[in-house]
**Q** 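If you scroll down you'll find the structure; I have some questions about it.
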2 protein chains.
Amino acid sequence: MEQKKTIKDVAELAGVSKSTVSRYLNHGYISLEKQERVRRAIEKTGFQSNFFARRLKTKESKLIGIVLPRMDSVTVGKLLAGIGRVLEPAGYQGILLVSQLSVSKELENIRNLQQQGVDGILVDSVGITREHIRLGRESALPILYTGQKHEGVHYVKLDDRAAGRMMGAYLRQMGHCRAVFAGVSERDTAVGIDRKQGFIEAFTEGRRNARVDFVETGFDFLSAYNQAEEVRRCQATVVVGATDNISLGILRYFHERGIKVPEEISVAGFGGYEVGAVVYPALTTVAFDYELVGMKAARYMLDLLQNKPVEECMDVPLFFVERESVRNLTKACEPEQPASMNGMT
Amino acid sequence: MEQKKTIKDVAELAGVSKSTVSRYLNHGYISLEKQERVRRAIEKTGFQSNFFARRLKTKESKLIGIVLPRMDSVTVGKLLAGIGRVLEPAGYQGILLVSQLSVSKELENIRNLQQQGVDGILVDSVGITREHIRLGRESALPILYTGQKHEGVHYVKLDDRAAGRMMGAYLRQMGHCRAVFAGVSERDTAVGIDRKQGFIEAFTEGRRNARVDFVETGFDFLSAYNQAEEVRRCQATVVVGATDNISLGILRYFHERGIKVPEEISVAGFGGYEVGAVVYPALTTVAFDYELVGMKAARYMLDLLQNKPVEECMDVPLFFVERESVRNLTKACEPEQPASMNGMT
DNA sequence: CTGTTAGCGCGTTCAG
DNA sequence: CTGAACGCGCTAACAG
């Protein structure tokens, strides 16, 4: 519980001036001899430079504000892991603020961060509004969005349309012609529109006999479960949930009614959460690498901070994870092998 | 992109001195008239006080360092949500550092935080070592641990022994006499020892015919899956996983071999993750409220920061979630109803 | 290469 | 109740 050591203490102990110590800490224009003396003085005192004093001068906080819609979600966790993985080696740390899925709270958080002296702000947004844009213009702080995109802002996002197309192409190839898309409101551009449109395109493109019905649900398991009856009525051969959670809710409903998946009806989803592998039957899905999104976003932010030419390559790979929940209609015989650990990880 | 406003700008615009503005911002010994003038000047300039300058003076950062073992986990997410829920209203923010499940990284993070000017440190630890204690002594910063406990440090933790006992008592009441406990290494005091011991106590206490076998696995789904054969050999009527993940791995194995749960063998777990409700059969489990742990920890930290008398009440409630995976051996007839939405949330 | 001198923006005495 | 003056700990500009 010693008195906090300052650069002055070190200077005195080393018999040099404060600026020499400061130089030692920074650009290091200093003779080898004094360098050694300072080094030892620092070691002896256990000195560490005062964060706030330094920041007050340099105007650099080495802090990145991170605004999250919520905390208790796997995808957010992955995203953060990715962000941390590139921010930390670069000497940056993150300050976390949570918006509780509210746009106004999100804006408040951004405003807050703008004055807290962070160097930049990463926002995993619930939706980019005009106010977001305004806030961005008013401050020199770089803001980078993930999850949503918008004209004139920096963002990193996975390609929802491509994900949709991927699924559409797969189901088509598996011989399906009638699908139900259990999706979310179109107010969500990424999931509600792009993902669905991509699917419909690839699934129906250039064939007359294909058809996609649409049932709207919320994002959560339960609301999907509650819409499952409606989904069932569509009489499709496959139901595609806009999210793994949605598919899981439907799967659960089918299971309770004794409807066999994939024998009687196929189910597929988007997200690639681990839980999809644990469930029976294991869920076929398009997996997103959220950790990679986080890493890309962080790298992008770092570039922004150094005014580097920002590379516009924002394609985050998608993985198709084929598991057990989709039936191949083109084969005469059913696959006989038991459920396997395929695509588990 | 205006020039950053300082307290000086406000003072000039309001026609008062800097100190008056400062007073307005803090203890407010200021006449109503000037109060109004300052208020408007602040509004006009959009002034917000400089974080670093203020901290440099007050020695209070209103920042809490949070050290996490990993980010991509549901429990950590819940914990954080809880922490945020009480820290934020108190005007504090969190700085997050991730230890990648490494003790040395965890220590490094703590050291780092100690010099970054945070007011306190919350550590969701992977294990408290002597070095942790030493670090704590060397600095005046309060450190509070969660997840693990240790003599002479502040901690908030759920009662693993009680959780174990809860499960033991339940299974006993359901008429089970032979159990396998699929647990983790005893190097983990909380999960590896306390939880198991609690279970064994309650399950066997005072009856000769009860028996508990032990099979060691890792924390993850897959390693449990790989030990499932071993578990099966024990010929017990019920298998208890130390973690829902472990139980899920075993469930999966049983499913693949066509072993019916709970008809042929029962399965139960600890944790209460949502995924346990989605799986078939839905997993009976002791649920922990990690969000509450987070809230308690944060509140405890706040008390520490204000030198309040710390209330030693650290009991975090446990919930027994009875679902479908345990068979009642005391009844002659099987329950006939289909799987239901019970205990879903 | 080095010490001296100024502030960064704010809070806080200390006279008035 | 208010303003002037000082200093938090550090970095940067300046002479030497």
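What you see is a predicted model, and the numbers here were worked out from it, not measured in a lab. Here is the naming used below: chain letters follow the sequence lines, and residue numbers restart at 1 for every chain.
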**Q** In whole Å, I'd like the distance from the NZ atom of A/K59 to the C1' atom of D/dC10.
**A** 12 Å
**Q** What pairs with A/S19 under side chain to side chain donor-acceptor pair (under 3.5 Å), at least two apart in sequence or on another chain?
**A** A/S17
**Q** Hey, can you pull the donor-acceptor pairs under 3.5 Å for the side chains in residues 80-87 of chain A, sequence neighbours left out?
**A**
{"residue": "A/R85", "atom": "NH1", "partner": "A/E291", "partner atom": "OE2", "Å": "2.7"}

**Q** Could you tell me whether the side chain of A/F47 reaches within less than 4.5 Å of the side chain of A/L25, counting heavy atoms only?
**A** yes
**Q** If we ignore hydrogens and angles and just use 3.5 Å, is the side chain of B/T146 paired with the main-chain N or O of B/K157 as donor and acceptor?
**A** no
**Q** I need the CG-P distance between A/L56 and D/dA12, as an integer number of Å.
**A** 12 Å
**Q** Taking only the P atom of each, what is the distance from D/dC6 to C/dT5 in whole angstrom?
**A** 16 Å
**Q** Determine, for nucleotides 10-16 of chain C in 5'-to-3' order, which nucleotides have protein heavy atoms under 4.0 Å from the base (write B), from only the sugar-phosphate (write S), or from neither (write -).
**A** BBB----
**Q** Stem list for DNA chain D, please, built from Watson-Crick and G-U wobble pairs under 3.5 Å and keeping only runs of at least 3.
**A** C:1-3 with D:14-16, C:6-16 with D:1-11
**Q** Can a salt bridge be assigned to the pair B/E131 and B/R111 using a cut-off of 4.0 Å between side-chain N and carboxylate O?
**A** yes
**Q** Just so I know, are the side chains of B/Y155 and B/I128 near enough to count as touching, which here means a heavy-atom distance under 4.5 Å?
**A** no
**Q** For A/I30 and C/dC1, give me the distance from atom CD1 to atom P, rounded to whole Å.
**A** 10 Å
**Q** In whole angstroms, how far is the C1' atom of C/dG3 from the NZ atom of A/K34?
**A** 9 Å
**Q** Please, which pairs that meet salt bridge (charged side-chain N to carboxylate O under 4.0 Å, His left out) have at least one residue in residues 51-70 of chain A, sequence neighbours excluded?
**A** A/R70-A/D72
**Q** Please identify each residue that fulfils ring-ring contact (aromatic ring centres under 6.0 Å, His included) with B/H132, with sequence neighbours left out.
**A** B/Y145
**Q** Take the protein atom OH of B/Y24 and the nucleotide atom C1' of D/dT2, then report the distance between them rounded to whole Å.
**A** 17 Å
**Q** Without decimals, in angstroms, what is the distance between A/F51 CZ and D/dC10 P?
**A** 13 Å
**Q** Please tell me which of the listed nucleotides, C/dG9, D/dA4, C/dC1, lies nearest to the side chain of A/S31?
**A** C/dC1
**Q** Using whole Å, what does the distance between atom P of nucleotide D/dT11 and atom CZ of A/R55 come to?
**A** 9 Å
**Q** Within the side chain of A/S139, is there an N or O that forms a donor-acceptor pair under 3.5 Å with the backbone of A/G136?
**A** no
